[in-house]
Number of protein chains: 2
Amino acid sequence: MTSTPHGARARARIEITAAIKEEARRRLAEEGAAELSLRAVARTLGMASSAIYRYFPSRDDLLTALIIDAYDSLGETAEAALQGSAGAAPGERWAAVCEAIRGWALAQPHEYALIYGSPVPGYAAPASTVPAAARVAFALIDVVRDAHRAGELDVPALPGDLESEAARMAADFVPDLPPAVAPACVAVWAQLLGLIGFEVFGQFTRVVEERDAFFRHTVAGLARTVGLRPADAAS
Amino acid sequence: MTSTPHGARARARIEITAAIKEEARRRLAEEGAAELSLRAVARTLGMASSAIYRYFPSRDDLLTALIIDAYDSLGETAEAALQGSAGAAPGERWAAVCEAIRGWALAQPHEYALIYGSPVPGYAAPASTVPAAARVAFALIDVVRDAHRAGELDVPALPGDLESEAARMAADFVPDLPPAVAPACVAVWAQLLGLIGFEVFGQFTRVVEERDAFFRHTVAGLARTVGLRPADAAS
DNA sequence: CACAAACGAGAGCACTGCTCTTGCATTGCC
DNA sequence: GGCAATGCAAGAGCAGTGCTCTCGTTTGTG
């Protein structure tokens with residue numbers, strides 16, 4: 001039933017699907033996920049509201065598609081920063097990837113909110129989002145891995161009650177690194193995105209003014225937490 | 001216009017206002033903010049939907065009231081942990097306050113999402129929420145302040161480009177502490193809530209299993225970032 | 001007592017997600 | 001090439017939402 005399901009109709013289908021997503025993303029950029037209305041999308045696309053349901057069985061399915069796209073877009077940005085900094089010192093690469101993630105988040109706050117905002121509890125992220133979501137994390141991990149290969153990673157300490165958990169984590173997604181760095185990576189990943197979230201969601205209003213410098217400094221601290229030696233020696 | 005504006009009607013007003021908030025909070029606990037419907041609240045309260053608008057001019061106003069309550073509830077929890085650990089070593093107090101915040105968040109995820117989730121950009125938090133929101137932060141800062149008084153605070157380094165910002169921050173809300181700790185406090189505050197957010201919002205699914213131990217360890221790392229000496233010497 | 005303010009209820013508007021039915025166009029098979 | 005099956009768009013419709021307006025009624029004050 002696959003293998004280029006024959007001709008014009010199929011092409012039209014993927015084109016229209018793309019057009020719906022595109023228009024939805026456009027509205028998302030300026031309104032936020034809560035205000036995204038299927039009917040409005042259909043209207044500006046010149047189709048009946050009921051027609052959209054041929055392409056996305058429900059509003060949530062559209063949102064899920066947008067979530068995956070957002071994860072991928074962010075992951076791509078992070079990977080680009082990773083490659084753009086190839087050869088640089090681990091501390092600098094770390095900063096570059098973090099800045100790229102932050103830049104993406106600030107440029108598309110609503111999409112950031114979509115993926116790192118509040119998925120209501122009870123809502124289990126569809127398994128289809130997992131690989132896309134992992135890309136950012138793996139970009140960060142790649143920096144750590146490179147530092148490790150170059151012998152420039154200070155493996156952090158690990159308390160006894162986390163040993164088995166660390167072993168499991170490491171086996172799951174960093175089998176080539178010392179187990180102790182796995183929890184540190186996860187912690188730093190969460191803290192970084194949390195930090196960015198605070199800025200994007202306006203929690204820094206009237207608290208942090210010079211956000212670029214503040215972010216640079218904080219991210220250097222995070223680097224130290226995973227065992228990297230930050231580029232900015234002064235911080 | 002204040003000073004007990006006379007009698008039974010006023011009393012009824014504050015009672016009904018409270019009942020609305022209570023019912024709204026109940027629905028919030030099991031459904032999430034997006035699903036909270038004024039009409040539904042009115043229905044279970046046995047009043048016409050239009051009557052609610054006598055008490056809250058709009059749905060957003062109701063949500064704002066709930067946000068303030070949530071901030072206060074969380075702040076209260078943090079302050080209780082602070083007082084409950086009076087006299088203990090700074091590292092232990094830090095852990096206690098952090099655990100309290102996390103516990104609150106896990107117990108009322110929807111309320112956590114309401115305050116630290118995704119306020120759509122374009123939405124400036126009403127000034128009325130600020131003092132309530134600050135309570136958590138100040139509870140954390142109190143631990144740092146105590147450590148400083150006891151001479152147990154290792155003041156973190158500060159890069160040159162953050163000096164003026166640090167001075168401004170310190171003047172604004174920690175005038176009695178060395179300026180360098182101010183950015184560290186803000187960073188750690190954001191990172192802690194971000195970490196908790198990741199857990200509450202399900203980002204740790206299939207990533208972190210032993211979340212208590214993981215949190216304990218990570219929070220000890222955060223303590224070190226602000227210059228505290230964590231209780232858990234092993235971590 | 002009279003008057004004004006506060007209040008509750010109901011109807012109504014514009015909007016939403018989603019379903020169902022009806023008719024048309026395209027597609028693939030014989 | 002002709003035809004049945006399928007894919008698709010459109011419209012009407014349901015149940016629900018936030019919010020407004022009006023119209024009596026209740027309440028407190030001069």
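Keep in mind that this is a model prediction, so the values were computed, not measured. Below, read A as the first sequence line, B as the second, and so on, with proteins coming before strands; counting in each chain starts at 1.
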| If each of B:Ala48 and A:Pro57 is mapped to the nucleotide of DNA chain C with the nearest heavy atom, which maps nearer the 5' terminus, i.e. the 5' end? |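 Per heavy-atom nearest nucleotide, the more 5' residue is B:Ala48.
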Is [X] salt-bridged to [Y], going by a charged N under 4.0 Å from an acidic O?
X        : Y        : value
B:Asp172 : B:Arg168 : yes
A:Arg26  : A:Glu30  : no
A:Asp142 : A:Arg135 : no

For the pair made of [atom1] in [X] and [atom2] in [N], what is the distance, rounded to whole Å?
X       : N      : atom1 : atom2 : value
A:Phe56 : C:dT16 : CZ    : P     : 18 Å
B:Arg11 : D:dT26 : CZ    : P     : 20 Å
A:Arg59 : C:dC15 : CZ    : P     : 17 Å
A:Glu35 : C:dC15 : CD    : C1'   : 13 Å
A:Ile52 : C:dG17 : CD1   : C1'   : 11 Å
B:Asp61 : D:dG18 : CG    : P     : 13 Å
B:Glu15 : C:dA6  : CD    : C1'   : 17 Å
A:Leu38 : D:dA10 : CG    : P     : 15 Å

Check this for me: does the side-chain of [X] come within 3.5 Å of the base of [N] through a donor and an acceptor?
X       : N      : answer
B:Arg54 : C:dG8  : yes
A:Ser50 : D:dA9  : no
B:Arg39 : D:dG16 : no

Just to be sure I understand the rule, does [X] reach a base, reach only the sugar-phosphate, or reach nothing, if contact means heavy atoms closer than 4.0 Å?
X       : result
A:Leu45 : nothing
A:Ser37 : sugar-phosphate
A:Leu36 : sugar-phosphate

Can you tell me if [X] touches the phosphate of [N], counting only side-chain N or O atoms and a distance under 4.0 Å to OP1 or OP2?
X       : N      : answer
B:Arg13 : C:dA5  : no
A:Arg43 : C:dT16 : yes
A:Tyr55 : D:dA9  : yes

| Out of curiosity, B:Leu28 CG to B:Leu63 CG, how far, rounded to the nearest 0.5 Å? |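 The distance works out to 7.5 Å.
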| Options D:dA9, D:dC19, C:dT16, nucleotide nearest the side-chain atoms of A:Ala40 |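 Minimum distance to the A:Ala40 side chain belongs to C:dT16.
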| request: Taking only the side-chain heavy atoms of B:Tyr53 (C-beta and beyond), determine which of D:dC19, C:dA9, D:dA9 contains the nearest atom. | output: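 Per side-chain heavy atoms of B:Tyr53, the pick is D:dC19.
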| Within the distance-only criterion (no hydrogens, no angle test), does the side chain of A:Glu210 pair as donor or acceptor with the backbone N or O of B:Glu165 below 3.5 angstrom? |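 Judged by distance alone, no pair lies under 3.5 Å.
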